[in-house]
Every structure is written in structure tokens, then in C-alpha cells.
Amino acid sequence: MASLMNPKWNGQFSCFDLVARKDDCSRSLIQVRDFEIGGGDFVVMAGPCAVESEPQLLQTAEAVAAAGARILRGGAYKPRSSPYAFQGLGVEGLKLLNKAREETGLAIVTEVMSEEDVDLIAEYADIMQVGTRSMENYALLEALGTCGRPVLLKRGMTATLEELLRSAQVIAMSGNPQIILCERGIRTFETATRNTLDIAAVPVLKAVSHLPVIVDPSHAAGVRSLVPVLSRAAAVVGADGLLVEVHPCPEHALSDGNQSLDFPEFRRMMLDLQPYLDLQQSSRQLRPQLLAAGGAD
Ligand code: PEP
Ligand code: MN
């Protein structure tokens, strides 16, 4: 199987031995509560950019669960580009996430920005999110090695795939092999979108690593109208799931309202996604080798 890999990737990733794909083709399955990420299921994580209030979070949790999401996202600690922007509710936000989990059964993914917060956030989160600005925060990555929770590692906005896997290797070497990679768009010269979704990152990462790969179309696009179509693209190229921003009233969101879907939009997106997931499923059965290898040269 390895011989089907593009020769350009030979040796480029194999030094990251704990996260690089082995010849036996086995893939990592990440157990989250009563389901797995990286198996056959396409797992959708959805919710607000930031936890703002109890009604905002609980209404969103109910709406995304009803539409088929398995995991609630929401930042309690927010890394903002501007020091004047809303910085998050901190521990109050974590308590609200816990309440939403109790009421809906959704698992929780939330961002950890500092190694000092790892233990506290691990008490509340089912998955620890490392944001794009923290991908190379090695003190944080090392602290996550012993947190006992899966880590959702977002690609740095100017990071190569090699650098992303290097950070994954740091987490794995620190003792935690439960890692989910996330393509969330990279910075390019294009300005029509907030970032440029590197859709090829999905099949490349799946060819060179055994870790699950998800796509965040919200931060990639920056505009809500593109989120459904980018989600379909993610499904077709074989992503293991999505991370999507949803808000009860995006125009009043304290952060990232422009790229957040409202509830009807999210419901529609989930419905429209199904034929694309079916397509990916059937093509995987028809041509398992080629897709598993991420395409021959
Ligand atoms: C987020 O998911 O809330 C976030 C801040 O994303 P990123 O780190 O990709 O900008
Ligand atoms: Mn956001």
C-alpha cells in the first residue's frame, strides 16, 4: 500500500513515527463517550464560536443535536486577534458547557490556550481543542500529553502539513496518541475568503498519517454562505467530520457571527450533506486502495 503513495511524500513524514501512517494501513479510532471518530461515521461538531450565555448555549445545543451533531463546540477561553474583542466567559463558560452536555448528551469540545488551564479544562471537556494560534505552543502540546482526553489539533494558519504533523508528534511523544487533525484554512494572498480552505490537505493527511482528519469550513470561509458547500467538499474528499459554527442569532454573536449558521441553515446543511456522504461511502467501496493511499502519483 505504501508503494501507492506519491513519491514526493516518501520520507517527508515518516520521521514523525507516532503519527505517520504505517504499512499495515491501520487507522486510529478516537473514542469519545459512546462513539468513535475516524471509523466509518462522519462526526459533526457544531456550536457557537464563543459561549456567551446560558440561553444561547442551551438553545444551540438542542438545535445542533436535533440536526444530527454529536459534539457541541464553544469557546470559553477565546484567542482573539484583537485585544479589544470578547475574550470568553472562562470557567463560567465551562460550567455552561457541562450543563449543555447533561441536558443533551452531546460531547464537548472547547479550546485550551495555556498549559496552566489544561487540568481545569480537562475536567469539563471531552475533547481539548488546540487553536490555530497555538499549534506551535510546545509547552501546551506537552502538557496535553498527560491530560487523558483526545486533542483536536488545528493547523496553524501559516503551517505546512509537515509542521502540523510535527506538532501532533509532540503531543503523541508526550504520552497522548489520541489526536484529531483539523484543516481550518490557511493564509494566502486571497482576500475574498477569510482563509483558503486547503481541501487537498484532507487526502494528503489521510495518506501520510493514521490520525482522523476533520474540516472547519467556518474559519476557512469567514462567510456563512460558503459553509455548506465547503462541508460537502470535505465529505467527498474523505474527511472524518466537521467543526461548524452555529449561533441562534448570528447577527448578534459576540464573535464570528459573519461565518456562523443559524439553526435552519445548519439543519438544511446537514440534510443536504447526506447524498455526498453516501457518494463518498460508495466510492470507498469501489476503489478502496486508491482512496486509502490518497491517490497515486
Ligand atoms: C475556534 O474554533 O473557535 C477558533 C478560534 O478557531 P481557529 O483557532 O481555527 O482560529
Ligand atoms: Mn470562531
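Just follow the structure's listing: the first ligand is 1, and inside any ligand the first atom is 1.
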Among Lys154, Met135, Met157, closest by any non-hydrogen atom to atom 7 (P) of ligand 1: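 Heavy atom nearest to atom 7 (P) of ligand 1 belongs to Lys154.
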To check your reading of the site, what angle at the Mn ion (ligand 2) do NE2 of His219 and OE2 of Glu245 form, to 10°?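 With the Mn ion (ligand 2) as the vertex, NE2 (His219) and OE2 (Glu245) sit 90° apart.
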For the metal site, I want the angle between atom SG of Cys49 and atom OD2 of Asp256 with the Mn ion (ligand 2) at the apex, to 10°.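 Between SG of Cys49 and OD2 of Asp256, at the Mn ion (ligand 2), the angle is about 100°.
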Does a side-chain N-to-carboxylate-O contact under 4.0 Å join Glu111 and Arg73?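 Between Arg73 and Glu111 there is no salt bridge, as every charged N stays at least 4.0 Å from the carboxylate O atoms.
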Residue, atom name and distance, where the atom is the protein heavy atom closest to [atom]:
atom: atom 3 (O) of ligand 1; result: Arg73 NH2, 2.8 Å
atom: atom 8 (O) of ligand 1; result: Thr132 N, 2.8 Å
atom: atom 5 (C) of ligand 1; result: Glu111 OE1, 3.8 Å
atom: atom 10 (O) of ligand 1; result: Arg184 NH2, 2.8 Å
atom: atom 4 (C) of ligand 1; result: His219 NE2, 3.4 Å

Contact between Val208 and Trp9 at the side-chain level, heavy atoms closer than 4.5 Å - yes or no?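 Answer yes - side chains close enough.
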Any side-chain heavy-atom pair of Arg224 and Glu245 under 4.5 Å: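 Arg224 does not reach Glu245 side chain to side chain.
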For Lys99 and Leu58, which heavy atoms make the closest approach, and how far apart are they?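 Smallest interatomic distance, heavy atoms only, reads C-CD2, 4.3 Å.
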Which residue, Thr160, Thr132, Asp198, forms the side chain to side chain donor-acceptor pair (under 3.5 Å) with Arg155?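 When Thr160, Thr132, Asp198 are each tested with Arg155, the side chain to side chain donor-acceptor pair (under 3.5 Å) holds only for Asp198.
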Counting only heavy atoms from other residues, nucleotides and ligands, does the tally under 6.0 Å from OH of Tyr276 exceed 12?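 Atom OH in Tyr276 is not crowded, with 12 or fewer foreign heavy atoms closer than 6.0 Å.
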Residues, nucleotides or ligands: over 12 heavy atoms within 6.0 Å of Lys22 NZ: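 Counting neighbours around NZ of Lys22, more than 12 heavy atoms of other residues, nucleotides or ligands fall under 6.0 Å, so yes.
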If you measure from each non-hydrogen atom of Lys78 to ligand 1, which part falls under 4.0 Å: side chain, backbone, both or neither?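 It is the side chain that gets close, since no backbone atom is under 4.0 Å.
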Sub-4.0 Å atoms of ligand 1 with respect to non-hydrogen atoms of Arg133: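 Taking each heavy atom of Arg133 in turn, ligand 1 has 8 (O), 10 (O) under 4.0 Å.
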Could you tell me which atoms of ligand 1, counted from 1 in the order shown, lie closer than 4.0 angstrom to a heavy atom of Gly131?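 Listed by number with element: 8 (O).
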Less than 4.0 Å is my threshold; does some heavy atom of Gln129 fall inside it relative to ligand 1?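 For ligand 1, residue contact (heavy atoms, under 4.0 Å) with Gln129 is present.
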Could you verify whether a donor N or O on one side chain and an acceptor N or O on the other, from Asp256 and His219, lie under 3.5 Å apart?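 Their side chains do contain a donor-acceptor pair, which is all the 3.5 Å distance test asks for.
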